[in-house]
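To start, the structure itself, in structure tokens.
Everything numeric here is computed off the predicted structure, so don't read it as measured data. Just so you know, residue 1 is the first one in the sequence shown, and it goes up from there.
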Amino acid sequence: TCQKRMTLRNNSVTEFILVGFSDQPALQPLLFLFFLVIYVLTVVGNLGLIILIGLNSSLHTPMYFFLFNLSFIDFCYSCVFTPKMLNDFVSENIISYMGCMIQLFFFCFFVNSECYVLVSMAYDRYVAICNPLLYTVTMSPKVCVLLILGSYVIGFAGAMAHTGSMLRLNFCDSNTIHHYLCEVLPLLQLSCTSTYANELVFFIVVGVVITVSSISIFISYALILSNILRIPSAEGRSKAFGTCGSHVVAVALFFGSGAFTYLTNSIPGSMEEGRFASVFYTNVVPMLNPLIYSLRNKDVKLALDKTLKRLLF
């Protein structure tokens with residue numbers, strides 16, 4: 001069990017205890033190994049995809065430009081909390097107040113940005129399948145850069161809203177976060193001042209992000225599906241489905257696990273289940289994305305073969 005440790009400054013804590021999985025002492029070595037393997041695979045997979053796309057001119061297309069950014073976000077996102085999480089298994093699981101707020105900001109920034117990068121990828125697939133003749137004009141380098149910049153700007157705005165509203169709260173009588181990272185809902189439970197404004201910000205920002213991104217992606221894929229079903233040849237349909245399949249799987253995993261985590265966390269007394277549900281959303285999905293996009297992708301496999309031959313021979 002964690003020994004409560006708290007330092008007060010202006011009636012507010014200066015550090016927090018991240019409970020993480022310290023309440024499972026028998027599983028500590030196994031959990032450490034589990035999260036270490038996931039982290040190494042996430043870093044290698046996403047960095048590998050970033051380098052592969054950067055080195056191969058055949059992958060310098062809008063689709064891979066968005067995939068490059070998705071891998072960059074997943075890489076950064078896992079680096080925000082996993083090293084600290086791993087460190088907590090072997091040393092004191094303490095995080096400073098400012099460290100906690102920084103972690104919260106970058107966690108929100110990368111999650112929000114990823115939602116909109118997935119929207120951009122869905123739009124890219126819609127244009128490629130429904131308007132192939134206008135693809136190079138519609139998805140020009142300028143449009144692609146603007147879509148990615150827009151994703152990061154919206155991500156930044158959402159993260160500023162969450163972190164800014166959190167900074168105005170006081171944490172007086174408790175500093176034990178029942179989670180392995182500084183997340184909005186577990187932090188709100190510790191505040192000794194009114195959290196009404198924070199809850200409002202949380203539900204508005206999360207509501208807008210989820211509604212806008214999920215509706216945009218759903219409309220894109222509904223139009224793609226209706227277009228694919230009109231393709232006369234079975235080979236043509238199969239090829240069109242193949243280009244979208246990996247993206248649909250990635251979207252379903254990201255939004256599905258995220259929705260399950262937040263629904264679990266929002267039910268009173270279910271923070272324990274929410275913490276375990278978060279593992280899939282925060283650790284497993286960033287590890288799976290490079291595998292989803294590369295295992296069934298001929299372009300990526302070909303580029304990997306070329307790069308390995310260039311490096312080895």
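- The shortest non-hydrogen separation linking L36 to L86 is N-CD2, 3.6 Å.
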Begin with the C-alpha distance, continue with both residues' side-chain angles, and end with the deciding distance and a verdict on side-chain contact (heavy atoms from CB on, under 4.5 Å) for T138 and V143.
-> CA-CA 7 Å; T138 311; V143 169; 5.9 Å; no

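- K84 places no side-chain N or O within donor-acceptor distance of the main-chain N or O of N93, the cut-off being under 3.5 Å.
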Report task. Any chance you could lay out the side-chain contact (heavy atoms from CB on, under 4.5 Å) test for L49 and V300, step after step, and finish with the verdict? Result -> CA-CA 9 Å; L49 209 50; V300 171; 4.1 Å; yes

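- S58 has its side chain out of reach of L302: every pair of non-hydrogen atoms, C-beta onward, lies at least 4.5 Å apart.
- In this structure, a donor-acceptor pair under 3.5 Å is present between the side chains of Y135 and D124.
- Within the 4.5 Å cutoff, no side-chain heavy atoms of N198 are placed close to those of S191.
- Residue I177 comes nearest to C100 through the heavy atom pair CD1-SG, 4.0 Å, listed as atom of the first residue, atom of the second, then distance.
- Using a 30° and 60° split on the angle between ring planes, F107 and Y281 fall in the perpendicular class, above 60°.
- When the shell of 6.0 Å around CZ of F156 is examined, it contains 12 or fewer heavy atoms from other residues, nucleotides or ligands.
- Atom CZ of F106 sits in a sparse spot, with 12 or fewer heavy atoms from other residues, nucleotides or ligands closer than 6.0 Å.
- Across all their heavy atoms, L104 and C182 have their closest contact at CD1-O, 3.5 Å.
- For the pair Y126/N131, a side-chain contact is recorded, criterion being any heavy-atom separation below 4.5 Å from C-beta on.
- Residues V44 and L55 do not share a hydrophobic cluster, defined by chaining ILVMFWY side chains whose heavy atoms lie under 4.5 Å apart.
- One N or O on the side chain of N175 and one on the backbone of E15 form a donor-acceptor pair closer than 3.5 Å.
- Note: Y77 OH to E114 CD = 7.0 Å, rounded to the nearest 0.5 Å.
- Rounding to the nearest 0.5 Å places CG of L70 at 5.5 Å from CG of L118.
- Looking at heavy atoms from C-beta onward, L253 lies out of side-chain contact with V284 at the 4.5 angstrom threshold.
- Linking Ile, Leu, Val, Met, Phe, Trp and Tyr residues whenever their side-chain heavy atoms come within less than 4.5 Å leaves V153 and I73 in two separate clusters.
- No donor-acceptor pair under 3.5 Å is formed between the side chain of Y180 and the backbone N or O of D88.
- Looking at every heavy atom in both residues, P62 comes nearest to M139 through CG-O, 3.6 Å.
- Counting heavy atoms from C-beta on, the side chains of M121 and V251 never come closer than 4.5 Å.
- Within the 3.5 Å criterion, the main-chain N or O of P286 finds no donor-acceptor partner in the side chain of T42.
- Between F109 and F105, the angle of the ring planes stays under 30°, which puts this pair in the parallel group of the 30/60° scheme.
- Between F72 and F110, the ring-plane angle classifies as perpendicular under the 30° and 60° cut-offs.
- Relative ring orientation between H247 and Y293 is described as tilted, the plane-to-plane angle lying within the 30° to 60° band.
- Atom OG of S78 is separated from atom CE of M85 by 11.5 Å, given to the nearest 0.5 angstrom.
- Between E183 and T282 there is no side-chain heavy-atom pair separated by less than 4.5 Å.
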request  = Evaluate side-chain contact (heavy atoms from CB on, under 4.5 Å) for V80 paired with L181, printing each intermediate quantity in order.
outcome  = CA-CA 9 Å; V80 167; L181 73 146; over 6 Å; no

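- Note on L146 and M63: separate hydrophobic clusters, where clusters join Ile, Leu, Val, Met, Phe, Trp and Tyr whose side-chain heavy atoms are under 4.5 Å apart, directly or indirectly.
- Summarising the geometry, atom CG belonging to N170 is positioned 12.0 Å from atom OG belonging to S194; distances are rounded to the nearest 0.5 Å.
- Side-chain heavy atoms closer than 4.5 Å link hydrophobic residues (I, L, V, M, F, W, Y) into clusters, and following such links, possibly through other members, connects L167 to I95.
- Ring geometry for F32 versus F89: interplanar angle over 60°, hence perpendicular rather than tilted (30 to 60°).
- Using a 4.5 Å heavy-atom cutoff, the side chains of L187 and M101 are in contact.
- Linking Ile, Leu, Val, Met, Phe, Trp and Tyr residues whenever their side-chain heavy atoms come within less than 4.5 Å leaves L31 and L33 in two separate clusters.
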Going through the checks in order, is the side-chain contact (heavy atoms from CB on, under 4.5 Å) test met by N227 and L223? CA-CA 6 Å; N227 206 276; L223 293 168; over 6 Å; no

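- Between the side chains of N56 and Y64, no donor N or O sits under 3.5 Å from an acceptor N or O.
- Summarising the geometry of V209 relative to C115, their closest heavy-atom pair is CG1-SG, 3.6 Å, with the distance given to 0.1 Å.
- Once rounded to the nearest 0.5 Å, the distance linking CD1 of I53 with NE2 of H60 reads 8.5 Å.
- Inter-residue side-chain proximity for V43 and F75 is flagged as met; some heavy-atom pair is nearer than 4.5 Å.
- A distance of 9.5 Å separates CD of Q189 from OG of S174, quoted to the nearest 0.5 Å.
- Nearest heavy-atom pair, N112 versus G158, reported as atom, atom and distance to 0.1 Å: ND2-CA, 3.5 Å.
- In this structure, Y116 has its ring center at least 6.0 angstrom away from the ring center of F66.
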